[in-house]
Enquirer: 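Once you've had a glance at the structure underneath, I'll fire off some questions.
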Number of protein chains: 2
Amino acid sequence: MNIIDESGILAISTRLQRLSEQLRKDGALFYKSYGIDFEPKWFPVVYTLHHKEVLSVVEIANEIGYTHPSTISLLKELEKQKLIRSKKDKVDERKRLISLTPKGQELIVKMKPVWDVMSSVLKEIADNQNNLLQAINEAETKLMHQSFLQRALQLKSEE
Amino acid sequence: MNIIDESGILAISTRLQRLSEQLRKDGALFYKSYGIDFEPKWFPVVYTLHHKEVLSVVEIANEIGYTHPSTISLLKELEKQKLIRSKKDKVDERKRLISLTPKGQELIVKMKPVWDVMSSVLKEIADNQNNLLQAINEAETKLMHQSFLQRALQLKSEE
DNA sequence: CAAAACTACGTAGTTAAATACATAAATAAA
DNA sequence: TTTATTTATGTATTTAACTACGTAGTTTTG
């Protein structure tokens, strides 16, 4: 549509956001088709706890790549679903140790075949010539080395 | 990090959202370095009006690819900045015809060199081997033909 | 070992988008 | 020409992330 947005990243993020919303809805419906009441957004936390067993709030946040406040709100939902539980760390009283409940573990067993299907469908969609993940990694790496602002200011001063 | 999120699109959208937030902040700072008070999110509307002169709310929404409520809130901000104005369409009384104010047009003249710099920096960042835009286009196209849910249900029934 | 700095967690508030709903004007159909 | 449908706009609410801030433990340092 235009010089900056079309070639840039600003509008792209809106499109990806929509894409992911669509996938979330479809994901939820697909779980439902197996008789499972599970929201795709819970997946990262549940999957992490499935492998790590016991983790603190901040540890989970780091694992799933969200800020801790975002993580806390996911944990609240999962606690309401009785899929996870938490108790104070006796060694470090600031920490809350989170783990799956038996109900949570049972659910994972039921969900595993669902995940397999989802996983291959997502591969089908995202594995393009122009790999989405790769493209983002490359852009992020470039910005890590030098921010947009730094690059822009430099170009400005060169004129 | 895991089978679905790392290879899929769910986490990718969060990362892109962050990327775009970063770019927005830097963009605003870069405008400021020219003494210009302009938020990058206003760009699509302003740029569209620069080329089309007079448009209704829904027409702008379609041009920039947002829903009309989102567009309305952008328009409100721009009106507060006195960069745009609107009047009722005499032919169709439902329509509000939006256009740039003289102040808005002056601002565009000042912003043009800034846009040139931004545009080349964004090219530098986004033009990777794995082109971001291309990758998204390909994923969207695939999903247009057959949704995630349809693909998943089909795979499920084949088992 | 007391003061300072850091870490873990939690809450409140913000943001940029979306949906869902409401109203009024214009057009089409009975 | 009334009635039904569609279109344009607007408002209210929701969502998923964020930042900013506060408090309470823990660790480091003078």
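Values below: every heavy atom of this structure, side chains too, minus hydrogens, waters and symmetry copies. Chain identifiers are assigned alphabetically (A, B, ...) following the order of the sequence lines, protein sequences preceding nucleic acid strands; residue numbering begins at 1 within each chain. The model shown is predicted, which means the values in this text are computed figures rather than measured ones.
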Enquirer: With respect to B:Thr71, which candidate in B:Leu74, B:Leu75, B:Thr67 satisfies the side chain to side chain contact (heavy atoms under 4.5 Å, CB included) definition?
Expert: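 Option passing the side chain to side chain contact (heavy atoms under 4.5 Å, CB included) with B:Thr71: B:Leu75.
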Enquirer: Rounding to an integer number of Å, can you tell me how far A:Glu63 CD sits from C:dA8 C1'?
Expert: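 For the pair A:Glu63 CD and C:dA8 C1', the rounded distance is 17 Å.
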Enquirer: If you find the nucleotide of DNA chain C closest to B:Lys41 and the one closest to A:Lys25, which residue's nucleotide is nearer the 5' end?
Expert: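 Upstream on the strand: B:Lys41.
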Enquirer: What integer distance in Å separates A:Arg24:CZ from D:dA16:P?
Expert: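 Rounded to the whole Å, the gap is 6 Å.
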Enquirer: For B:Glu53, check salt bridge (Lys or Arg N to Asp or Glu O under 4.0 Å) against everything at least two apart and list the hits.
Expert: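 Scan of B:Glu53 (salt bridge (Lys or Arg N to Asp or Glu O under 4.0 Å), adjacent residues dropped) gives none.
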Enquirer: Can you list the residues that meet the side-chain hydrogen bond (donor to acceptor under 3.5 Å, both in side chains) rule with B:Thr141, with sequence neighbours excluded?
Expert: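 side-chain hydrogen bond (donor to acceptor under 3.5 Å, both in side chains) list for B:Thr141, sorted by chain: empty.
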Enquirer: Rounded to whole Å, please give me the gap between CD in B:Gln17 and P in C:dT15.
Expert: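 Spelled out: CD on B:Gln17 to P on C:dT15 is 15 Å.
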Enquirer: Whole Å only: how far is the CD1 atom of A:Ile60 from the P atom of C:dA8?
Expert: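 After rounding, the gap between these two atoms is 13 Å.
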Enquirer: To the nearest Å, give me how far apart CD (A:Glu21) and C1' (C:dA16) are.
Expert: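 Roughly 11 Å, once rounded to whole Å.
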Enquirer: Take B:Glu39 and B:Arg24, measure what salt bridge (charged side-chain N to carboxylate O under 4.0 Å, His left out) needs, and give me the verdict at the end.
Expert: CA-CA 8 Å; B:Glu39 293 193 31; B:Arg24 268 187 206 176; over 6 Å; no
Enquirer: Look at the side-chain N and O atoms of B:Arg18 and state whether any lies under 4.0 Å from the OP1 or OP2 oxygen of D:dA17.
Expert: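 Answer is no, no contact under 4.0 Å.
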Enquirer: Could you give the CG-to-C1' distance, from B:Leu23 to C:dA16, as a whole number of Å?
Expert: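 Answer to the nearest Å: 16 Å.
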Enquirer: Does a side-chain N or O from A:Tyr66 land closer than 4.0 Å to OP1 or OP2 of D:dC18, or not?
Expert: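 No, because none of the side-chain N or O atoms of A:Tyr66 sits under 4.0 Å from OP1 or OP2 of D:dC18.
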Enquirer: What is the distance, rounded to the nearest whole Å, between atom CH2 of A:Trp42 and atom P of D:dA16?
Expert: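 My rounded result for the distance is 10 Å.
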Enquirer: Strictly under 3.5 Å: I want the nitrogen or oxygen pairs between protein and nucleotides 5-8 of chain D, one per line.
Expert:
from	atom 1	to	atom 2	distance (Å)
D:dT7	O2	B:Arg94	NH1	2.6

Enquirer: Any chain of hydrophobic side-chain contacts (each under 4.5 Å) joining B:Trp42 to B:Val54?
Expert: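 No, separate clusters.
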Enquirer: I'd like to know if B:Phe43 and B:Val114 are part of one continuous hydrophobic network [Ile/Leu/Val/Met/Phe/Trp/Tyr, side-chain heavy atoms within less than 4.5 Å].
Expert: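 Same cluster: B:Val114 reaches B:Phe43 through Ile, Leu, Val, Met, Phe, Trp or Tyr contacts under 4.5 Å.
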Enquirer: For a quick check under 3.5 Å, do B:Trp115 and B:Tyr31 share a side-chain donor-acceptor pair by atom type?
Expert: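 Yes, B:Tyr31 and B:Trp115 have a side-chain donor paired with an acceptor closer than 3.5 Å.
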Enquirer: Under 3.5 Å, which donor-acceptor pairs link side chains of residues 80-87 of chain A to any protein atom two or more places apart or in another chain?
Expert:
from	atom 1	to	atom 2	distance (Å)
A:Ser86	OG	A:Glu79	OE2	3.3
A:Ser86	OG	A:Arg96	NE	3.2

Enquirer: I'd like to check the side-chain hydrogen bond (donor to acceptor under 3.5 Å, both in side chains) partners of B:Glu59; sequence neighbours left out, ordered by chain and number.
Expert: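 Scan of B:Glu59 (side-chain hydrogen bond (donor to acceptor under 3.5 Å, both in side chains), adjacent residues dropped) gives B:Ser56.
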Enquirer: Quick check on contacts: within residues 68-90 of chain B, what sits under 4.0 Å from DNA chain C by heavy-atom distance?
Expert: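 Only B:Pro69, B:Ser70 qualify.
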Enquirer: Between B:Gln22 (CD) and D:dA17 (P), how many Å, whole number?
Expert: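 Rounding to the nearest Å, CD of B:Gln22 and P of D:dA17 are 17 Å apart.
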